[in-house]
A.B. asks: 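Just passing along the structure, written as structure tokens.
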Amino acid sequence: MSNAEDAEAWLPGARIVRDVRQEHGSLVGIHSALSAATDAALVVAWDMPFVNPGLFALIRDRLSDRDAAVPEGPHGLEGLCAAYSTRCLPAIEAALDAGDLRVSALVARLLSLRTIPAADLTAAGDPSRMFFNVNTAADLELAGRLATS
């Protein structure tokens, strides 16, 4: 997901989906991904450099018959590293129409939600590392050190 004009050059061959709505924020990106999906989408924030295929498989496998599968990270539910069914689209559209762009509020409203306990995530790695966010220059420096350790 990206609206950047040069997004196609970032990862050649990757499918680029542009935002469907004019609002800005992560919830708009989730909406766009689900609007382009046939059944479900695994969404991951771009600033999580240590997510891995094992984590993705675990999230995917836990979605099953639920509307969403969201892991519990060290700081709570990780709605920006989760799987969402297209059945979430009406709830997302209602939130966007109401001006509520918080992914955490969407997750709290979903009735058919499967949370993935932090203890289950250890099969894929250390949750504090997998959900590490790069939000500042200091975080980026720390991520570089973590990547080589």
A.B. asks: List for me each residue that meets salt bridge (Lys or Arg N to Asp or Glu O under 4.0 Å) alongside R102, sequence neighbours excluded, and say none if there are none.
C.D. replies: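 For R102, the residues satisfying salt bridge (Lys or Arg N to Asp or Glu O under 4.0 Å) (neighbours in sequence not counted) are D100.
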A.B. asks: Report yes or no: do F50 and L140 belong to one cluster of Ile/Leu/Val/Met/Phe/Trp/Tyr joined by side chain heavy-atom distances under 4.5 Å?
C.D. replies: yes
A.B. asks: What is the minimum heavy-atom distance between A37 and T86, and which atoms define it?
C.D. replies: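 Heavy atoms only, the tightest pair is O-CG2, 3.9 Å.
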A.B. asks: Restricting to non-hydrogen atoms, name the atom on S128 and the atom on P74 that form the minimum distance, rounded to 0.1 Å.
C.D. replies: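 Closest heavy-atom pair between S128 and P74: CA-CG, 3.5 Å.
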A.B. asks: Check the hydrophobic clustering (I, L, V, M, F, W, Y; side-chain heavy atoms under 4.5 Å; chains of links allowed) and say if F132 and V51 are grouped together.
C.D. replies: no
A.B. asks: Should H24 and D19 count as side-chain neighbours, where that means a heavy-atom distance under 4.5 Å?
C.D. replies: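 No, side chains not in contact.
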A.B. asks: Please answer: with hydrophobic residues joined when any side-chain heavy atoms are less than 4.5 Å apart, are V134 and L146 in the same cluster?
C.D. replies: yes
A.B. asks: In chain order, what residues pass the salt bridge (Lys or Arg N to Asp or Glu O under 4.0 Å) check against R129, with sequence neighbours excluded?
C.D. replies: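 Partners of R129 by the salt bridge (Lys or Arg N to Asp or Glu O under 4.0 Å) criterion come out as none, since no residue qualifies.
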A.B. asks: Return yes if some donor-acceptor pair links the side-chain N/O of S85 with the main-chain N/O of A40 below 3.5 Å, else return no.
C.D. replies: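 Such a contact is absent between S85 side chain and A40 backbone.
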A.B. asks: Could you pull out the closest heavy-atom pair between E8 and E5, with the gap in Å?
C.D. replies: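 Looks like OE1-O, 3.5 Å.
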A.B. asks: Is there side-chain contact between L121 and F131, with heavy atoms separated by less than 4.5 Å?
C.D. replies: yes
A.B. asks: Using 0.5 Å steps for rounding, measure from the OG atom of S35 to the CD1 atom of I30.
C.D. replies: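 S35 OG to I30 CD1: 11.5 Å, rounded to 0.5 Å.
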A.B. asks: Closest heavy-atom contact between G79 and V103?
C.D. replies: O-CG1, 3.7 Å
A.B. asks: How long is the straight-line distance from CD1 of I116 back to CG of L55, given to the nearest 0.5 Å?
C.D. replies: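 Here the rounded value is 7.5 Å.
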A.B. asks: Would you say D139's side chain and N135's backbone share a donor-acceptor pair under 3.5 angstrom?
C.D. replies: yes
A.B. asks: Taking the side chain as every heavy atom from C-beta outward, state whether R87 and S112 have any pair of such atoms under 4.5 Å apart.
C.D. replies: no
A.B. asks: Do M48 and N133 come within less than 4.5 Å of each other through their side chains, counting heavy atoms only?
C.D. replies: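 Side-chain contact under 4.5 Å: yes.
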A.B. asks: Spell out, yes or no, whether L63 and L110 are grouped together once hydrophobic residues are joined by side-chain heavy atoms under 4.5 Å, including indirect joins.
C.D. replies: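 No, separate clusters.
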A.B. asks: Indicate if L113 and L89 have the same hydrophobic cluster label, given that clusters are the connected sets of ILVMFWY residues with side-chain heavy-atom separations under 4.5 angstrom.
C.D. replies: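 Same hydrophobic cluster.
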A.B. asks: Any carboxylate oxygen within less than 4.0 angstrom of a Lys/Arg side-chain nitrogen, looking at D97 and R21?
C.D. replies: yes
A.B. asks: Nearest 0.5 Å, what's the CE-OG1 distance between M130 and T122?
C.D. replies: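 These two atoms lie 8.0 Å from each other.
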A.B. asks: Taking atom OG of S104 and atom CZ of R109, what is their separation to the nearest 0.5 Å?
C.D. replies: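 One finds 9.0 Å between OG of S104 and CZ of R109.
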A.B. asks: P127 and A118: which non-hydrogen atoms are nearest, and at how many Å?
C.D. replies: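 Result for this residue pair: CG-O, 4.0 Å.
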A.B. asks: Kindly give the heavy-atom pair with the smallest separation between P71 and C81, and that separation in Å.
C.D. replies: CD-O, 3.0 Å
A.B. asks: Less than 4.5 Å apart, any side-chain heavy atom of F56 and any of V44?
C.D. replies: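 They are in side-chain contact.
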A.B. asks: Does a side-chain heavy-atom distance below 4.5 Å link L101 with L96?
C.D. replies: yes
A.B. asks: Within this structure, what is the OH-CG distance for the pair Y84 and L34, rounded to the nearest 0.5 Å?
C.D. replies: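 If I round to the nearest 0.5 Å, the distance is 9.0 Å.
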A.B. asks: Evaluate L42 against R60 for side chain to side chain contact (heavy atoms under 4.5 Å, CB included), listing each step before the verdict.
C.D. replies: CA-CA 7 Å; L42 176 69; R60 178 201 63 213; 5.8 Å; no
A.B. asks: If you round to the nearest 0.5 Å, how far is OG1 of T115 from CZ of R66?
C.D. replies: 8.5 Å
